[in-house]
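Step one of this worksheet: look at the structure below.
Small disclaimer: the values here were computed from a predicted structure and weren't measured. All chains are named by letter (A, B, ...) in the order of the sequence lines, taking the proteins before the strands, and each is independently numbered beginning at 1.
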Amino acid sequence: MKSTNNRIRIFVAILVAIVHIGCASVDSVSITQIPKERDNVVETKVNTWRFLGIGFSNDFALEAQSELMKKCPEGDITGIITTYESYWYLLLVNKVVKAKGYCSVGSK
Amino acid sequence: MMKLILFSSLVSLTLFGCANLYKYQMSDIKQSEGKLTPIDLKVSAIGFDIDEAASVAKLAANTKAGKKKIDQIKNIISLFQFGPKTGKPTFSDDYADRLYSDLVKSCPSRQLTGIQVLREQADYPVVSGEIVRVLAYCIEPSPEATIPEATTPETSISKDINSVNNQEIEEKQIHEINE
């Protein structure tokens, strides 16, 4: 009974550690010119999981732009803030690209 | 022993070519001004890691004295590579300079939008490919739209490109004559 309790404690401790050890870092940030009209916000987030940070392509980041373009078809997207972040969870890394901008349709 | 080292190096070169992304940025996107044609440009330089090179060299060294010498050489070279850096040190720092002119050259209308810049690395043991990749859209304006007058800073750059191209042609001609 005592050993079962100990095992449960160890399991809970490992679980808490896994959840809380996640270490985050912001690798890069960029901002473009911010427009006067900021009503129509478009944003997107793309990510990829990597074991020990090992990956063979960075093309996941390029999806951020195509996702933004899909959300503002035939319009202009300005005031884009782009962040590239990494989250470490023991042996796994979550690489995230976030982009947020303002869509103006028919500004031609 | 040497065969084993060579074989393991070859295997690791093949298997551990790891793609790292250091920086990513995106510019404004104008989809309303005409047809968009994608452009994809890439420049790179070879990066060199002295610590990894020394480790490999130590594996090949048979004597203690040899290993000590390798350590000394490594320490001297390390002094020249001191400080924060992105990726492995390269032999030149101007390999990305021509991206701007390449971008301008690849867009006849001189109207670029949706520019994405990626600073990435193809990492192998000892060496690496230090890469700067640029993706953009060239706006092909509708027939009634007028191409802006060539008075922007890009004009001077495109002129520079032309003069560089002319110089290259002249040099080639001289080289051919000499041959």
Rounded distance (nearest 0.5 Å) linking atom CD of B/Q121 with atom CG of A/N58: 10.0 Å

So for [X], is it side chain, backbone, both, or neither that comes closer than 4.5 Å to the heavy atoms of chain B?
{"X": "A/S57", "result": "backbone"}
{"X": "A/A99", "result": "side chain"}
{"X": "A/F60", "result": "side chain"}
{"X": "A/L68", "result": "side chain"}

For [X], which atoms come within 4.5 Å of any heavy atom of chain A: side chain, backbone, both, or neither?
{"X": "B/L21", "value": "both"}
{"X": "B/Y22", "value": "backbone"}
{"X": "B/I131", "value": "neither"}
{"X": "B/R119", "value": "neither"}

Residue among B/E120, B/K30, B/M26 with most heavy-atom pairs under 4.5 Å to chain A: B/M26

Neighbour count above 12 (heavy atom, 6.0 Å) for B/K68 NZ: no

Heavy-atom closest pair, residues B/S106 and B/I39: OG-CG2, 3.6 Å

Full working for side-chain hydrogen bond (donor to acceptor under 3.5 Å, both in side chains) between B/S128 and B/D123: CA-CA 5 Å; B/S128 67; B/D123 193 19; 4.9 Å; no

Contact leader toward chain B among A/V97, A/L62, A/T83, where contacts are heavy-atom pairs under 4.5 Å: A/L62

Contact winner vs chain B - A/V29, A/I81, A/T82, A/D27, heavy-atom pairs under 4.5 Å: A/T82

Quick one, [X] and [Y] - any side-chain contact, counting heavy atoms below 4.5 Å?
{"X": "B/Q25", "Y": "B/Q116", "value": "no"}
{"X": "A/Q65", "Y": "B/Y137", "value": "yes"}
{"X": "A/V46", "Y": "A/V96", "value": "no"}

Aromatic contact, A/W49 with A/Y89 (centres under 6.0 Å): yes

